[in-house]
Amino acid sequence: MNYDFREIEAKWQKYWAENETFKTSNDSEKPKFYALSMFPYPSGAGLHVGHPLGYIATDIYSRYKRHKGFNVLHPMGYDSFGLPAEQYAIQTGQHPAITTENNINRYREQLDQLGFSFDWSREVRTSNPQYYKWTQWIFIQLFNAWYNKKSDKAESIDSLISIFEKEGNSNVEAACDDDTPSFDAAIWNGYSDKEKQEILLKYRLTYLADTEVNWCPALGTVLANDEIVNGVSERGGHPVIRKKMTQWSMRITAYAQRLLDGLDKIDWPQPLKDSQTNWIGRSVGASVTFNVLDAERSRSDQDGISGDDVTSSAVEKPYEDVISTPLNHPYQIEVFTTRPDTIFGVSFMTLAPEHELVAKITTPEQKAEVDAYVEATAKRSERDRMADVKTISGVFTGAYAEHPFTKEPIPIWIGDYVLASYGTGAVMAVPCGDQRDYDFAKHYNIPIPNIFEGVDISEEAFADKETTVIANSDFLNGLPYKKAMKKIIAELERIGHGKGKVNYRLRDAVFSRQRYWGEPFPVYYVDGMPQMIDVEHLPLELPEVEKYLPTETGEPPLGNATEWAWDTKNNKVVSNDLVTLSAVEGSDKGDEMLNQVQHDGIYPLELNTMPGWAGSSQYFNRYMDPRNDDAIFSPEAINYWQDVDLYIGGSEHATGHLLYSRFWQKFMFDMGYVPKDEFAKKLINQGMITGTSAFVYRWTKKYNGNAVFISKGIIEKAVKEKGFLYDYSSVLDKMFSDLKSKDGGRKIAETSWKHFDAIHADVSLVNASDELDVEAFKKWQPEYKDAEFILEDGKYIVGREIEKMSKSKYNVVNPDAICEEYGADSLRLYEMFLGPLEQSKPWNTAGITGVHSFLKKLWKLYAPYTNWSLSEAEAEPTAENLKTLHKTIKKVEEDIENFSFNTSVSTFMICVNELTAQKCTSKAILEPLAILVSPYAPHIAEELWSRLGHSESIAEAPFPTFEEKYLVESSKEYPISFNGKMRFKLELPLDMGKDEIEAAVLAHEKTKEQLQGREPKKVIVVPGKIVNIVG
RNA sequence: GCCUUGGUGGCGGAAUUGGUAGACGCGCUGGAUUCAAAAUCCAGUGUCUUCGGACGUGUGGGUUCGAUUCCCACCCAAGGUACCA
């Protein structure tokens, strides 16, 4: 009987489902192994062949680990909140839950036909209330926690309150807002309840803050950076403004250092670690405060400090800095620098154009120029400003700062190379030590003082810390970098102008989204202060709304809900109308009056929803105990499974999902909920599968009103030979003649590619030889049904190009059609065979015939057991058989451990070719071979296994053990090289010594032939490897 | 600009620690089988060649008996990006 993959695959998929073959228990004597693929967002387009790549790899590893005796957790679920379903809802009115459900069903169908060993009983969906109940739960835990820098971990907010009650916050070292005031116990205890809540919000790990967002009034929504092009919205081209909005934030910055340190403990790809490291952006240096000289004095000179014209009330002073600010300076500029040792080289300062001081310090003379520059900068995106290194631009503000040591005036400029979002948005510019400052100074003729000993800075800045010796710097003269750093920081602290500081680029993560299809916050507001809903009343389910757009007043979509108020007496969602606002209607007193409102215990609920990453930041732990309604997971479950052993997914999640997940895991660890502070031991990024687009070439001329397509080879030849098109085809020659009368003559111009439009043809219309199915193409594009096709050798050959898979390029390949034609096992093998897992590689369906015929050969090899017409042929394995088998075991095992799945497929092919040639029918060979193949091609392996006489699934059959003894050789075919080039081969016994080998080789006639009488200068003999003769 | 990854036949790719470059597969060529096609099987397939051999892993150097592999400089492509002070 033939290899009937359709029947076999359907049979075993059914078997696995019915027998729950891959259902995993939370207690087992076996060692655990947790293999995880990043769960997908179920989009409407379904899976294309790129998606399953990582899933197949994880599945192979999971199945392998089962054969190796592990209790394997291999779950799958859906990241099912997201924008596309919401967009679809806005357009059609269909509830996102329905769209999502449909998409999930389609995904499930597609996944099922690929034969994955998922434990589907553990499926999670982030949009399912039973799931997001626990997302809300974590949010509440974060709200009720603060970060204690002394213990370097998160702690319950209650511990903070008791400290405040006893001693205020002067001894507290916490991650908190910049504007947190200091208070003692008496002040704290005197605060009203609302004031206390306000203070506590500044400490909580999730907190409310005014954050700038890109607000698009026309769309009534907030836009992401990449939704804005040239200052207007990508969709519709509406203006976008920066607007402050009160939003939830996550205090991830508290964990910056631990997120950095943790990278050393985990086996993740270095590029991914690098991008997290860069994202966190730790730099060590100092913060330095420069006083801004008032206009009067900076113009006249800088004689001492005497001013009494400025009152202290005008001082804008950051609360946390213990800098003794001279009261007579109205403004300070705080900068962060990694090179405080170069402070005597400062010759100007640069502020980001957005810096809040710009408007305050600019002199009237410079105002027009500065305003114009600020306005011009506002139109440029941050991306744009970053990418453009060549253009140097900036404007002098007219103001001067005072050097903290020399008291010299320093001109203050603004420049768009300084970004407001990094550090303090201000730079102390040291042109001799920083190339950007250097270029800026050169461009604007600002002096470049040299403060380095023995260094020429006439051409470029000098930034090598290691060889730095400071000069022209008062008390720093003669010091190397490290010593100078120490000294200058001490001095800055002594004079109250700065301190050593570690700066992180990482910013707190905004956690509010003005969307409908996301997790609702378990939050209601009493007098404007957020209150958490008690955990026992979760989940707080998404309300129904009439439409999914923002409200007319600009509130998020949940503002459309009529039932969206929290009844604190009955603990349930009730109608908004029940929120009683006595006596405030029409009041112009605002907040003050609101405080006096009588609510009857019914309060408005939060209108924002959580962002996409909320649901994915702990899902890996939820899989351990997904149906638990009393806890996110039981202690037993988390203690058994601990963490993810292998996590496979795309590198695009490097600084999103993978950073936030690590943050939440560390928080969960601090609170004692999880035993590991890193959730995934090993991570692998699978590469992207690109498409191989096909192009047809349409001549820019028409013939009888129809398009003319010319085969690629004809054009190529004509272009290469600089010839005329009509010389390369008799049909074209005739066309040119016909066109002559109408056209007034042949255009005598050499053929060039610009005479043709390359048009995407659907890749399914092209075969492995790049030949287009012309008739099918005409049907596919009816506008070309009468088009002419100029063929070469009777074929139309298309052009090929590697591009990203996309609908518009007609190069998307769907797994369904491939499964139908070749089967899931072929698809699985082929996806792996394409190349290394981590690399991106092009898809070309044509090549699948290779692995498919391998499976047919494999099936044939088992003919004594599959073809009942033959009598069962049980034979003792030959030495050759065993050698083939064991070298395969060795290689496949190594490959799986190294995630080198592509080479395993080759190894299987070689193995089957060899065993076929050996006419092997031995069960002792074919049984272990079935197990070896089973992780890769599980359906055929199960079928062969059962035909070999087993009644149990192959899934847990022990992996064959490699035995060296079958590979021992007695002789080796030595490659004999001359000057490193292999010239001939010589078979010699492996136990032959170095000298004997040398003698044997030198005596060989081919050696003499090669040497042509020359005397060998040297003979290198590496026994068992190679012989190399130099001469 | 910076960071990361990569560059080997017509194509995807292989090559364990520096030791036979191009495994395996696709495609191509020729043959067998067939009324024919599909499928299958066999042989060949890096380039050049005076048929002896010579050259050949992005380019140019270097280390070595020997380099796809190690070092230096550069070029190109893809992805990322926050001019990080």
Side-chain angles (χ1 to χ4, degrees), chain A residues 2 269-275 277-279 281-283 285 335-339 342 350 382-383 385-390 415-419 421-430 433-437 439 503-507 651-652 654-655 685 687-688 690 692 767-770 800 802 804 829-830 833-836 838-851 853-854 856-857 860 891 894 898 900 902-910 913 973-985 1009 1016-1022 1024-1031:
Chain A
N2 286 328
Q270 195 55 42
L272 196 155
K273 288 187 184 181
D274 289 347
S275 70
T277 304
N278 294 336
W279 192 263
R282 180 184 203 264
S283 40
V335 302
F336 173 76
T337 174
T338 51
R339 295 295 304 273
T342 63
T350 316
E382 270 201 4
R383 275 275 165 86
R385 281 163 65 178
M386 288 179 289
D388 184 10
V389 213
K390 304 232 157 58
D416 65 3
Y417 76 98
V418 178
L419 298 178
S421 56
Y422 181 74
T424 59
V427 176
M428 63 170 224
V430 182
D434 181 289
Q435 194 58 43
R436 284 174 328 238
D437 296 344
D439 294 340
N503 193 53
Y504 297 94
R505 175 67 180 90
L506 186 70
R507 273 169 277 170
S651 58
E652 67 272 22
T655 51
N685 288 131
M688 188 175 53
T690 48
T692 310
N767 73 6
S769 313
D770 294 342
R800 291 288 207 174
I802 307 298
K804 222 171 167 165
L829 280 174
Y830 188 53
F833 188 60
L834 279 182
E838 284 121 286
Q839 266 170 42
S840 88
K841 51 223 167 241
W843 180 268
N844 191 347
T845 307
I848 200 170
T849 53
V851 293
S853 58
F854 156 73
K856 283 196 262 187
K857 285 185 209 165
K860 247 190 201 160
K891 178 78 174 129
E894 276 171 11
N898 294 321
S900 172
N902 53 326
T903 49
S904 283
V905 182
S906 309
T907 305
F908 289 137
M909 289 174 172
I910 294 167
N913 288 346
E973 195 178 34
Y974 278 92
I976 312 300
S977 313
F978 291 81
N979 300 317
K981 291 251 171 225
M982 202 277 289
R983 293 307 178 205
F984 67 93
K985 289 173 188 172
E1009 216 172 274
K1017 284 183 198 140
K1018 201 172 180 183
V1019 180
I1020 313 282
V1021 178
V1022 184
K1025 280 259 159 99
I1026 198 170
V1027 177
N1028 189 20
I1029 298 164
V1030 189

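All chains are named by letter (A, B, ...) in the order of the sequence lines, taking the proteins before the strands, and each is independently numbered beginning at 1. Worth knowing before you read on, the calculation uses all heavy atoms, side chains too, and leaves out hydrogens, waters and symmetry mates.
- With a glycosidic angle no further than 90° from 0, B:G9 counts as syn.
- The partner of B:C65 is B:G19, by the rule that a Watson-Crick or G-U pair needs both atom distances under 3.5 Å.
- For the pair A:T903 and B:C24, the criterion of a side-chain N or O lying under 4.0 Å from OP1 or OP2 is not met.
- Using modelled atom types, one side-chain atom of A:Y974 and one backbone atom of A:G1024 make a donor-acceptor pair closer than 3.5 Å.
- Among the heavy atoms of the strands, none lies under 4.0 Å from A:S977.
- The side chain of A:N278 lies closest to B:C3 when the candidates are B:C3, B:C26, B:G19.
- At the heavy-atom level, A:N902 lies under 4.0 Å from the strands shown only through sugar-phosphate atoms.
- The side chain of A:K891 approaches B:A15 more closely than any other nucleotide in the set B:A23, B:G13, B:A15.
- Taking the P atoms as reference points, B:G52 lies 39 Å from B:A39, given to the whole Å.
- At the phosphate of B:A54, OP1 or OP2 sits under 4.0 Å from a side-chain N or O atom of A:R983.
- In terms of phosphate contacts, A:N913 brings a side-chain nitrogen or oxygen within less than 4.0 Å of OP1 or OP2 of B:G25.
- Looking at A:R800 and A:N844, their side chains come closer than 4.5 Å, going by heavy atoms from C-beta outward.
- When the nucleotides B:A85, B:G12, B:A14 are ranked by their closest atom to the side chain of A:S283, B:A85 comes out on top.
- Atoms OG and CG, on A:S840 and A:N685 in that order, are 12.5 Å from each other to the nearest 0.5 Å.
- Base pairing analysis places B:U81 opposite B:G1; the two distances defining the Watson-Crick or G-U wobble pair are each below 3.5 Å.
- OP1 or OP2 of B:A39 has not a single side-chain nitrogen or oxygen of A:K856 nearer than 4.0 Å.
- No contact: A:T655 has no heavy atom under 4.0 Å from any strand.
- When the nucleotides B:C24, B:U20, B:U4 are ranked by their closest atom to the side chain of A:P975, B:U20 comes out on top.
- Closest approach to the A:I1020 side chain among B:G19, B:C26, B:G6 is made by B:G19 (side chain taken as heavy atoms from C-beta onward).
- With B:G6, B:A85, B:G19 as the choices, the nucleotide that has an atom nearest any side-chain atom of A:V1022 turns out to be B:G19.
- Here, B:U8 and B:U33 have their P atoms 41 Å apart, quoted to the whole Å.
- When both pairing distances are held under 3.5 Å, B:G52 makes no Watson-Crick or G-U pair with any nucleotide shown.
- For A:V1030, the listed nucleotide lying nearest its side chain is B:C65; candidates were B:C24, B:C65, B:G19.
- If you measure from atom CD of A:E838 to atom C1' of B:G6, you get 13 Å, rounded to the nearest angstrom.
- Among the atoms of the strands shown, none is found under 4.0 Å from any heavy atom of A:K804.
- Residue contacts for A:N1028: at a heavy-atom cut-off of 4.0 Å it reaches a base atom on one of the strands shown.
- Using C1' as the reference atom, B:U29 and B:A73 are 44 Å apart when rounded to the nearest Å.
- Between the side chain of A:T692 and the backbone N or O of A:W843 there is at least one donor-acceptor pair closer than 3.5 Å.
- Look at NZ on A:K981: it is 9 Å from C1' on B:A21, rounded to the nearest Å.
- Searching all strands for a Watson-Crick or G-U wobble partner of B:U29 with both distances below 3.5 Å returns B:A43.
- With both ends at atom C1', the span from B:A38 to B:C55 equals 42 Å, rounded to whole Å.
- No donor-acceptor pair under 3.5 Å is formed between the side chain of A:K857 and the backbone N or O of A:N913.
- Atom P of B:A43 sits at a distance of 14 Å from the matching atom of B:C26, rounded to the whole Å.
- Taking the syn range as angles within 90° of 0, the glycosidic angle of B:G25 is outside it, so the base is anti.
- Closest to the side chain of A:R436, from the set B:A85, B:U4, B:C24, is B:A85.
- B:G9 sits 28 Å from B:U17 when the C1' atoms are compared, rounded to a whole Å.
- Distance CH2 (A:W843) to P (B:G25): 18 Å, rounded to an integer number of Å.
- In the set B:C24, B:U40, B:C84, B:C84 carries the atom at the smallest distance from any side-chain atom of A:R505.
- Rounded to the nearest 0.5 angstrom, A:L829 CG and A:L834 CG are separated by 11.0 Å.
- With P as the reference atom, B:U69 and B:A15 are 15 Å apart, rounded to whole Å.
- In this structure, the OH atom of A:Y974 is 13 Å from the C1' atom of B:U20, given to the nearest Å.
- Heavy atoms of A:S275 sit nowhere under 4.0 angstrom from any nucleic acid atom.
- The separation between A:N685 atom CG and B:G80 atom P is 13 Å, rounded to whole Å.
- Side-chain N or O atoms of A:D437 include one that pairs as donor or acceptor with a backbone N or O of A:V430 at under 3.5 Å.
- Atom CD of A:Q435 is separated from atom C1' of B:A85 by 14 Å (rounded to the nearest Å).
- Pairing for B:C74 is with B:G58, a Watson-Crick or G-U wobble pair whose two hydrogen-bonding atom distances lie under 3.5 Å.
- The interatomic distance linking A:M982 (CE) with B:G22 (C1') rounds to 13 Å, in whole Å.
- With RNA chain B read from its 5' end, the first of the two nearest nucleotides for A:T337 and A:S900 is the one closest to A:S900.
- One can place CZ of A:F833 at 10 Å from C1' of B:A23, the figure rounded to the nearest angstrom.
- Atom-to-atom distance recorded for A:M428:CE and A:T342:OG1 is 4.0 Å, nearest 0.5 angstrom.
- Mapping A:E973 and A:T424 onto RNA chain B via the closest heavy atom, the residue that lands nearer the 5' end is A:E973.
- For B:C71 and B:C76, the P atoms lie 22 Å apart once the distance is rounded to whole Å.
- The shortest distance between the side-chain N/O atoms of A:K1018 and the OP1/OP2 oxygens of B:C65 is below 4.0 Å.
- Nucleic acid contact for A:S651: none, since no nucleic acid atom lies under 4.0 Å from a heavy atom of the residue.
- One distance of note links CZ of A:R983 with CG of A:N1028; it measures 10.5 Å at 0.5 Å rounding.
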